[in-house]
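A short write-up of the structure that comes next.
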Number of protein chains: 2
Amino acid sequence: MSADCHHEDGSHPGLAGETLRRAIGLAETRCMTSQERLTAPRRRVLELLLESDAPMKAYDLIAAFGQSGEPAKPPTVYRALEFLERLGFAHRIESLNAYVPCRLDGAGHKAAFLICECCGAAEEFEPDFSTQLAAAAARGYAVSGVTLEARGLCPACR
Amino acid sequence: MSADCHHEDGSHPGLAGETLRRAIGLAETRCMTSQERLTAPRRRVLELLLESDAPMKAYDLIAAFGQSGEPAKPPTVYRALEFLERLGFAHRIESLNAYVPCRLDGAGHKAAFLICECCGAAEEFEPDFSTQLAAAAARGYAVSGVTLEARGLCPACR
DNA sequence: GATGTTATGTTATCTCATAACAGAAGTGTT
DNA sequence: AACACTTCTGTTATGAGATAACATAACATC
Ligand SMILES: [Zn+2]
Ligand SMILES: [Zn+2]
Ligand SMILES: [Zn+2]
Ligand SMILES: [Zn+2]
């Protein structure tokens, strides 16, 4: 992300108000059905991710964690992120060391990202890995997970 | 990579002797033709990467840098890695925070990796991103680079 | 309400990476 | 050779990202 990008992102406006509550409620429901608990710190980290319009760094989350400005302790946030990733509520973007809330429906899906080098937006999309999986199979690999992150310019920044 | 993998890797035996010298000589030649200098620290880091049979962490390189056991200073190694990546002699694997020498011919190529979660081997392959690039184009993105890292089990570890 | 399990709080530490600046080495010009 | 210019290196210090370890609390189940 360039320091002096003046373009509007617009791809993922942070959630607020009723929309935010609905997204968290959906996560609640999904937790219920999978016998998992959306505890206070987990809910708080998910909320911070959903409110943001760009990927957040772990220490951004740590700093923003407390309602009145007190930061969280690192393990609090890292544990919450681990939980959210495990349930598919959030994804880590390896090339940014940053985290985003899942923007796609349905749990257990594959994820891939288009990352704008100008405005910092990260758009999630449902990837088709068939070509790469075939290449892996041809080499005798059994693939369990794939990370795909494309860098470039979003429509607004081109 | 599991701590107790007993399988042979075999995918990328570290180079040694004449083979190693030839690989470094090739890098020298490519530097000449692009008006770049393969200086001592750069050559040393490339040598360490080529000698290794698995991805190396930056601080592994730092520790192994000195011929008689003295470590390098971090910036020495990070600068060399930056150079080697820029010229296509090495690649960073984001999901491992580790580095490998390029195993494919030709500079300026795209790279992708198959990473064994058991033995730690990382096999480079030439990816076909046409499907993903089409998906990106459909969203109005102009892609400048793609990271693809697949985790799984190599043939020896399956 | 005793027991086992899962989650949290807390401290400390570890790994990974870069900023900043001084000095050396290469390059080209006069 | 002396100069100016650029690139690379050496060194110190610090910033950024993540986890180990252990004590306590909350939940579940019997
Ligand atoms: Zn998702
Ligand atoms: Zn943009
Ligand atoms: Zn390569
Ligand atoms: Zn393996």
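Because the structure is a prediction, the values reported are computed rather than measured. Sequence lines set the chain letters: A, B, ... in the order given, protein chains first and strands last, and positions in each chain run from 1.
Two end axes, each from the C1' atoms of five base pairs, can be drawn for the helix from dG1(C)-dC30(D) to dT30(C)-dA1(D); they diverge by 30°, to 10 degrees.
Here the shortest heavy-atom pairing between Leu38(B) and Arg43(B) reads O-NH2, 3.5 Å. Closest non-hydrogen pair, Phe89(A) versus Ala27(A), comes out as CZ-O, 3.7 Å. Here the closest non-hydrogen pair linking His7(B) and Ala156(B) is CD2-O, 3.2 Å. Heavy-atom minimum distance, Leu49(A) versus Ala90(A): CD1-CB, 3.8 Å.
In this structure, CG of Leu38(B) is placed 15 Å from C1' of dG26(C), rounded to the nearest angstrom. Met56(B) places its CE atom 12 Å from the P atom of dC16(C), with the value rounded to the nearest Å. One can place CD of Glu70(B) at 16 Å from C1' of dT9(D), the figure rounded to the nearest angstrom. One interatomic measurement links the two molecules: CZ of Phe65(B) to C1' of dT11(D), which rounds to 14 Å at whole-angstrom precision. Remark: P of dC16(C) and CD1 of Ile62(B) are 9 Å apart, rounded to the nearest angstrom.
Sequence neighbours left out, the pairs with a member in residues 111-133 of chain A that pass salt bridge (Lys or Arg N to Asp or Glu O under 4.0 Å) are Glu123(A)-Arg139(B).
Remark: Thr39(B) is not in phosphate contact with dA25(C), judged by side-chain N or O atoms under 4.0 Å from OP1 or OP2. At the phosphate of dG17(D), OP1 or OP2 sits under 4.0 Å from a side-chain N or O atom of Lys57(A).
Between Glu36(B) and Tyr59(B), the one whose closest nucleotide on DNA chain D sits nearer the 5' end is Glu36(B). Mapping Asn97(B) and Ala40(B) onto DNA chain D by nearest heavy atom places Ala40(B) at the nucleotide closer to the 5' end.
Pro41(A) meets the side-chain contact (heavy atoms from CB on, under 4.5 Å) test with Thr39(A), Phe65(A), Thr76(A); sequence neighbours excluded. Residues that satisfy the side-chain contact (heavy atoms from CB on, under 4.5 Å) test with Pro55(A), not counting sequence neighbours, are Ile93(A), Leu96(A), Ala98(A), Val100(A), Ala122(A). For Arg151(B), there are no salt bridge (Lys or Arg N to Asp or Glu O under 4.0 Å) partners, not counting sequence neighbours. Applying the salt bridge (Lys or Arg N to Asp or Glu O under 4.0 Å) test to Arg92(B) and every residue at least two apart in sequence or in another chain returns Glu94(B). Applying the salt bridge (Lys or Arg N to Asp or Glu O under 4.0 Å) criterion to Glu70(B), with sequence neighbours excluded, gives no partner residue. Every residue two or more places apart in sequence or in another chain was checked for a ring-ring contact (aromatic ring centres under 6.0 Å, His included) with Tyr141(A), and none qualifies. Not a single side-chain hydrogen bond (donor to acceptor under 3.5 Å, both in side chains) links Asp60(A) to another residue, sequence neighbours left out.
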>> Using a 4.0 Å heavy-atom cut-off to protein, can you give one letter per nucleotide of nucleotides 24-30 of chain D, 5' to 3': B if the base is in contact, S if only the sugar-phosphate is, - if neither?
In response: ---S---
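Salt-bridge formation is detected for the pair Arg21(B)/Glu18(B): a Lys NZ or Arg NE/NH1/NH2 atom is positioned less than 4.0 Å from an Asp or Glu carboxylate oxygen. For the pair Glu36(B) and Arg30(B), the salt-bridge criterion is not met [side-chain N within less than 4.0 Å of a carboxylate O].
DNA chain C lies under 4.0 Å from at least one heavy atom of each of the following residues of residues 71-90 of chain B: Pro74(B), Pro75(B), Tyr78(B), Arg79(B). Listed by residue number, there are no residues of residues 41-50 of chain A with a heavy-atom contact under 4.0 Å to DNA chain D.
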